[in-house]
Asker: 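One structure is given below, represented as structure tokens, and several questions about it will come after.
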Amino acid sequence: MQFLVLGYDGTDPEALSRRLAVREEHLKLFREGLASGKFRFGTAILNDDGQMAGSAILAEFPSREALEEWLRREPYVTGHVWQTVTVHRAQMPACLLER
């Protein structure tokens, strides 16, 4: 199953510092997910000033429960970076999967 995960950072003055404090851990886990085929796409969401304000990840997990298990370990969750997380079922078109 494919899922679109949208994580939105807090808007308090310390939000960017929390993100930067765990960013390398987040990227390490993301690279592992890319290598295993679990993650198909990821990007930072930027605010109007061009600063990181969230993340979007297209992920593939066998179930919603497996996705939730990953979220419990995700550094942006455990580091209180993402204050709001929404998950949507998704489906990439085959032409993008073949790239």
Asker: So, taking the atom named CD in Gln83 and the one named CG in Asp12, what distance separates them when rounded to the nearest 0.5 Å?
Answerer: 6.5 Å

Asker: Treating Ile, Leu, Val, Met, Phe, Trp and Tyr as nodes and any side-chain heavy-atom pair under 4.5 angstrom as an edge, say whether Leu34 and Phe61 lie in one connected cluster.
Answerer: yes

Asker: Does the ring center of Trp82 lie less than 6.0 Å from the ring center of Tyr8?
Answerer: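 Ring-ring flag for Trp82/Tyr8: false, centres at least 6.0 Å apart.
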
Asker: Between Val87 and Leu67, does a side chain to side chain contact (heavy atoms under 4.5 Å, CB included) hold up when you go through it step by step?
Answerer: CA-CA 9 Å; Val87 176; Leu67 170 86; 3.3 Å; yes

Asker: If two hydrophobic side chains count as joined below 4.5 Å and joins carry through other members, does Val81 share a cluster with Leu29?
Answerer: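 They do share one cluster, since a chain of ILVMFWY contacts under 4.5 Å joins Val81 to Leu29.
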
Asker: Would you check if there is a donor-acceptor pair between the side chains of Arg19 and Ser55 at a distance under 3.5 Å?
Answerer: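 Yes, a side-chain donor-acceptor pair sits under 3.5 Å.
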
Asker: Answer yes if Tyr76 and Leu16 sit in the same cluster of Ile, Leu, Val, Met, Phe, Trp and Tyr residues linked by side chain heavy atoms under 4.5 Å apart, and no otherwise.
Answerer: no

Asker: Would you check if Met52 and Leu46 make a side-chain contact, meaning some heavy-atom pair closer than 4.5 Å?
Answerer: yes

Asker: How about CZ on Arg23, more than 12 heavy atoms from neighbouring residues, nucleotides or ligands closer than 6.0 Å, or not?
Answerer: no

Asker: Check for me, please, whether Ile45 and Val85 land in the same ILVMFWY cluster - side-chain distances under 4.5 Å, paths through other members count.
Answerer: no

Asker: As a test of understanding, state which of His26, Glu32, Glu24 forms a side-chain hydrogen bond (donor to acceptor under 3.5 Å, both in side chains) with Lys28.
Answerer: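 Result for side-chain hydrogen bond (donor to acceptor under 3.5 Å, both in side chains) with Lys28: Glu32.
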
Asker: Could you report the tightest heavy-atom contact between Gly10 and Ala15, atom names first, then the distance?
Answerer: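 For Gly10 versus Ala15, the nearest heavy atoms are O-CB, 3.1 Å.
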
Asker: Any sub-3.5 Å donor-acceptor pair from Asp49's side-chain atoms to Gln51's backbone N or O?
Answerer: no

Asker: Please round to the nearest 0.5 Å and tell me the distance separating atom CD of Glu69 and atom CD of Glu65.
Answerer: 10.0 Å

Asker: I'd like to know whether Arg18 forms a side chain to side chain contact (heavy atoms under 4.5 Å, CB included) with His80, so could you lay out the CA-CA distance, the side-chain angles of the two residues, the decisive distance to 0.1 Å, and finally the verdict.
Answerer: CA-CA 7 Å; Arg18 284 194 308 275; His80 307 286; 4.3 Å; yes

Asker: Using a 3.5 Å distance criterion without hydrogens, assess whether the side chain of Gln2 forms a donor-acceptor pair with backbone atoms of Met92.
Answerer: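 Yes, because the side chain of Gln2 sits within donor-acceptor range (under 3.5 Å) of the backbone of Met92.
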
Asker: Would you call Ile57 and Phe3 a side-chain contact if the rule is heavy atoms closer than 4.5 Å?
Answerer: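 Ile57 does not reach Phe3 side chain to side chain.
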
Asker: Quick check on the hydrophobic clustering: are Val22 and Trp70 connected, directly or via other members, by side-chain heavy-atom contacts under 4.5 Å?
Answerer: yes

